[in-house]
Undergrad: 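Below you'll find the structure I mean.
Chain identifiers are assigned alphabetically (A, B, ...) following the order of the sequence lines, protein sequences preceding nucleic acid strands; residue numbering begins at 1 within each chain.
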Amino acid sequence: MDLRDHSGLIQCVVDNDVDVRSEYVVRITGVVRARPEGTENEQLSTGAIEIGECEVEVLREAEPPPFPVDARADEVDEGLRLQYRYLDLRRERMQGNLRVRARVNSAVRSAMEDQGFIEVETPMLVPSTPEGAREFLVPSRKEPGACYALPQSPQLFKQLLMVSGVDRYYQIARCLRDEDLRADRQYEFMQLDMEMSFVDQDDVLDAVSAAVLAAAEAATGDRPPPIERITWHEAMERFGVDKPDLRFGMELVELTDVFSATQFKAFADAPSIKAIRVDSDGARVDLATLGRNQLDRLTERAQKLGAKGLVWMKVTADGFDSPVAKFLNESELAAIRDRTGAAPGDLVLIVADEWATTCEVLGQLRNDLGRPPVHDGPYRYVWVVDFPLFVGVDRLTGAPKPGHHPFTMPHPDDLDRLESEPLSVRSRAYDLVLNGWELGSGSIRIHDPALQRRVFAALGVTDEEADRKFGFFLNPFRFGAPPHGGFAFGLDRLVAILSGEENIREVIAFPKTQSGSDPMTNAPRTVEPAQLAELGLRVVPPPN
RNA sequence: GGUCCCGUGGUGAAGUCAGGAGUUCACGCCGGCCUGUCAAGCCGGAGGUCGCGGGUUCAAAUCCCGUCGGGACCGCCA
């Protein structure tokens with residue numbers, strides 16, 4: 001019979017007649033010995049040995065489990081696995097994931113402590129704040145009608161800890177957001193949250209890198225190379241997204257200048273023209289069988305993403321097979337071939353539009369056509385720096401909207417354009433990206449009140465409004481605030497990728513379903529009227 | 001708020017498009033046999049409200065409408 005614990009399986013040889021069935025809890029006393037010749041099992045890590053002369057004591061019988069407690073349960077309906085999560089977690093895959101997670105947490109703590117950070121816990125019952133994600137509310141019993149909120153992140157408190165002179169803070173922090181769930185999003189999730197004083201951007205990036213690299217090494221056994229950096233602008237130019245997946249090529253190719261004098265109307269006035277070359281070998285779709293239908297679907301996809309259209313060109317031995325080839329002259333066609341490096345069998349996709357649209361549409365098509373599953377190696381970490389300070393403008397007020405949050409430090413080289421050309425101003429905000437997944441983001445914060453006023457002014461926020469909305473946060477700075485900055489990254493996402501999982505539920509012991517319920521505990525549940533009454537609450541019947 | 005996919009004995013699947021008796025396969029379960037095997041082998045057996053409700057039809061797992069549950073995605077996640 002097979003004996004299983006968290007570390008694996010071992011075969012036991014039982015000679016006497018005991019009624020032991022699947023999943024019974026037993027105590028076995030015996031002798032570890034080599035297996036007799038010819039009975040070794042190379043499939044099993046313990047396949048060379050066995051426990052012989054076993055005395056078996058049944059500590060607890062077990063009913064047959066509702067699904068096989070082994071790798072076959074990978075195929076079982078996830079709702080059933082979650083209903084019996086305690087059985088699901090007995091399996092090797094889940095035990096492994098829990099242990100990778102524990103090692104990552106431990107490595108992150110050590111790396112932060114080694115760099116002089118101290119862990120400070122921050123409250124779970126916090127005030128509700130107007131900006132950002134929808135919050136979970138906790139009604140107050142002593143003050144009916146008033147609510148606490150559960151923290152979306154410890155943002156407020158960690159910056160106040162800098163005011164408090166903590167200097168280097170970190171926390172493995174639970175964050176809660178009442179937004180719709182996804183494969184990479186749960187209501188509650190864990191972050192490595194950190195903040196440090198008297199530093200610039202490089203210091204923060206170095207400190208976080210040390211923790212991430214230590215975590216990766218703890219999880220996989222391999223220490224990744226130093227994390228490379230690219231600017232947001234370069235990420236958009238080359239990959240068309242702000243979270244580039246560096247594991248594959250298909251980079252965007254600049255063609256704007258090629259068509260400066262073109263006769264082709266769709267290209268003539270376009271501010272930005274770029275292309276991607278879909279390699280006939282590297283693509284995740286079979287280009288050879290790509291018919292007119294699929295090409296039309298690509299065009300629809302591009303239009304849905306905001307492009308006016310999509311030019312496709314199949315590369316043949318003697319030219320291009322494309323509905324627009326006849327509108328382009330020889331030198332234009334030659335430039336397309338040279339710039340993209342197109343070879344027969346490839347597909348070239350061209351978008352001509354505003355710079356941002358051109359980049360974003362091609363970047364999305366690049367991901368659609370070439371991106372491997374997120375957990376496929378190699379692991380490519382990248383810092384994306386110099387994010388724009390503002391992203392777009394508010395439709396109602398016309399004022400710029402903050403790219404990160406309104407306390408983000410503008411890039412010092414761009415300060416003179418804060419009033420004249422706010423949308424061109426870069427910031428000291430940065431993201432950490434792994435295989436095209438955003439792991440986290442952070443920024444250097446504004447600690448100078450004059451500069452904060454300028455940024456609020458650029459955002460169209462008056463002094464009174466700033467004081468009303470953010471005063472509780474900014475007033476403490478009047479008592480002295482050091483230059484500071486920080487970062488937070490999602491541990492669930494990191495652990496999922498490092499465990500080879502494409503869903504963070506697989507690395508969370510007791511996750512929620514996509515609809516936010518827990519099939520094991522039946523949370524959320526309706527509560528007793530008396531509980532509501534104590535909180536001064538009454539449930540309104542749902543509208544029909 | 002929206003789009004798409006899934007729901008068939010305890011588990012996984014086939015059957016659904018093209019309506020005709022709860023049919024099939026594998027695993028598990030129960031009983032027996034065998035056994036130095038290892039997701040063992042042989043024999044026998046039990047087990048189903050085809051998620052739920054309604055409609056169409058002589059007849060519904062199958063078609064239609066609704067609903068519940070699960071999943072992927074868009075919106076959302078400063």
Side-chain angles (χ1 to χ4, degrees), chain A residues 1-4 9-15 19 21-23 33-52 62-84 87-88 91-92 129-136 152-153 155-156 175-189 191 301 304-305 364 367-368 387 389-392 394 400-408 427 429 438 440-443 459 461 469-470 473 488 490 493 502-503 505-506 511-519 522:
Chain A
M1 77 190 238
D2 286 335
L3 177 67
R4 186 195 65 230
L9 287 178
I10 190 164
Q11 174 173 278
C12 302
V13 180
V14 184
D15 294 321
D19 185 17
R21 301 180 184 221
S22 182
E23 300 301 315
R33 65 189 186 202
R35 291 195 188 186
E37 192 137 348
T39 63
E40 300 91 347
N41 183 354
E42 289 184 10
Q43 314 276 342
L44 216 57
S45 63
T46 57
I49 57 170
E50 64 184 14
I51 302 178
E63 291 176 20
F67 54 81
V69 186
D70 58 34
R72 285 171 293 187
D74 291 347
E75 309 302 320
V76 170
D77 176 71
E78 197 187 338
L80 192 69
R81 288 174 56 207
L82 291 181
Q83 186 184 343
Y84 297 92
L87 297 182
D88 190 35
R91 305 187 304 124
E92 184 180 9
T129 50
E131 311 286 313
R134 185 183 300 116
E135 298 165 321
F136 285 97
Q152 310 167 35
S153 80
Q155 187 68 32
L156 162 67
C175 305
L176 300 106
R177 296 178 188 173
D178 188 4
E179 299 288 354
D180 286 357
L181 281 52
R182 288 280 198 288
D184 61 351
R185 280 161 35 187
Q186 282 273 305
Y187 280 154
E188 35 185 323
F189 58 99
Q191 287 192 334
R301 170 85 170 136
K304 212 169 178 178
L305 292 165
Q364 193 56 55
N367 276 344
D368 290 350
F387 268 75
L389 188 63
F390 306 112
V391 177
D394 190 291
K401 295 185 292 187
H404 185 58
H405 59 53
F407 318 110
T408 302
S427 71
E438 181 188 325
S441 57
S443 63
L459 288 166
V461 177
K469 281 173 120 172
F470 306 113
F473 177 66
R493 289 183 182 182
E502 46 196 320
N503 192 309
R505 291 190 296 272
E506 303 295 355
K512 305 281 190 290
T513 67
Q514 192 168 66
S515 60
S517 64
D518 177 357
N522 278 322

Undergrad: Under 4.0 Å: is that the gap between some side-chain N or O of A/Thr39 and OP1 or OP2 of B/rU37?
TA: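 The answer is no; no side-chain N or O of A/Thr39 sits under 4.0 Å from OP1 or OP2.
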Undergrad: Ignoring backbone atoms, establish whether A/Ser515 has a side-chain N or O less than 4.0 Å from OP1 or OP2 of B/rG70.
TA: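 True: A/Ser515 side-chain N/O within range (under 4.0 Å) of B/rG70 OP1/OP2.
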Undergrad: Quantified in whole Å, what is the C1' atom distance between nucleotide B/rC25 and nucleotide B/rG1?
TA: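 Between the two C1' atoms, the distance is 43 Å.
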Undergrad: Could you tell me whether A/Arg21 contacts a base, only the sugar-phosphate backbone, or nothing, with contacts defined as non-hydrogen atoms closer than 4.0 Å?
TA: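 Sugar-phosphate contact only.
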Undergrad: Show, in sequence, the C-alpha distance, side-chain angles and deciding distance for A/Lys304 and A/Gln364, and conclude whether the side chain to side chain contact (heavy atoms under 4.5 Å, CB included) test is met.
TA: CA-CA 11 Å; A/Lys304 212 169 178 178; A/Gln364 193 56 55; over 6 Å; no
Undergrad: Considering every strand and a 4.0 Å limit on heavy-atom distances, what is the contact class for A/Gln43: base, sugar-phosphate, or nothing?
TA: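 The residue A/Gln43 makes no contact with any strand.
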Undergrad: CZ of A/Arg35 versus C1' of B/rG36: gap in Å, rounded?
TA: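 From A/Arg35 CZ to B/rG36 C1': 10 Å.
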Undergrad: NZ of A/Lys512 versus C1' of B/rC77: gap in Å, rounded?
TA: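 One finds 18 Å between C1' of B/rC77 and NZ of A/Lys512, rounded.
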Undergrad: With rounding to whole Å, what would you report as the distance between B/rA39 and B/rA21 at their P atoms?
TA: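 The same atom, P, in both gives a distance of 40 Å.
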Undergrad: Indicate, with a heavy-atom threshold strictly under 4.0 Å, whether A/Gln83 touches base, sugar-phosphate, or nothing.
TA: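 Here A/Gln83 touches no strand at all.
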Undergrad: Looking at A/Arg505, does any N or O in its side chain come under 4.0 Å of the phosphate oxygens OP1/OP2 on B/rA72?
TA: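 So the side-chain polar atoms of A/Arg505 do come within 4.0 Å of the phosphate oxygens OP1 or OP2 of B/rA72, strictly under.
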Undergrad: Under 4.0 Å, heavy atoms only, any strand: does A/Asp184 hit a base, just the sugar-phosphate, or nothing?
TA: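 If one applies the 4.0 Å heavy-atom cut-off, A/Asp184 turns out to touch nothing in the nucleic acid.
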Undergrad: Find the distance A/Leu176:CG to B/rC76:P and express it as a whole number of Å.
TA: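 Roughly 22 Å, once rounded to whole Å.
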Undergrad: In whole angstroms, how far is the C1' atom of B/rA78 from the CD atom of A/Glu438?
TA: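 Atom-to-atom, A/Glu438 to B/rA78, this comes out as 12 Å.
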Undergrad: NA contact type, A/Ala183, heavy-atom cut-off 4.0 Å: base, sugar-phosphate, or nothing?
TA: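 The answer is sugar-phosphate, as A/Ala183 gets under 4.0 Å only of primed atoms, P, OP1 or OP2.
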Undergrad: For a quick check of understanding: with a heavy-atom distance under 4.0 Å over all strands, which category does A/Glu75 fall into, base, sugar-phosphate or nothing?
TA: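 Sugar-phosphate, backbone atoms only, no base.
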Undergrad: Determine the contact category for A/Arg4: base if any of its heavy atoms lies under 4.0 Å from a base atom, sugar-phosphate if only primed atoms, P, OP1 or OP2 are that close, otherwise nothing.
TA: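 No contact.
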Undergrad: Sticking with atom C1', work out how far B/rC42 lies from B/rC6, rounded to a whole angstrom.
TA: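 Between the two C1' atoms, the distance is 38 Å.
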Undergrad: Look at all strands and tell whether A/Leu80 reaches a base, only sugar-phosphate, or nothing, counting heavy atoms closer than 4.0 Å.
TA: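 Contact class for A/Leu80: sugar-phosphate only.
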Undergrad: What nucleic acid atoms does A/Arg134 come within less than 4.0 Å of, heavy atoms only: base, sugar-phosphate, or nothing?
TA: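 It contacts nothing in the nucleic acid.
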Undergrad: Would one find a side-chain N or O of A/Arg177 under 4.0 angstrom from OP1 or OP2 of B/rA78?
TA: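 Answer is yes, contact under 4.0 Å.
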Undergrad: Would you indicate what A/Pro36 reaches in the nucleic acid, counting non-hydrogen atoms under 4.0 angstrom: base, sugar-phosphate, or nothing?
TA: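 Base, at least one base heavy atom under 4.0 Å.
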Undergrad: If you compare every side-chain N and O of A/Asn41 against the phosphate oxygens of B/rA40 (OP1, OP2), does one of them come in below 4.0 Å?
TA: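 Indeed not, no polar side-chain atom of A/Asn41 lies that close.
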Undergrad: Which part of the nucleic acid does A/Asp77 contact within heavy-atom distance under 4.0 Å: base, sugar-phosphate only, or nothing?
TA: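 Sugar-phosphate contact only.
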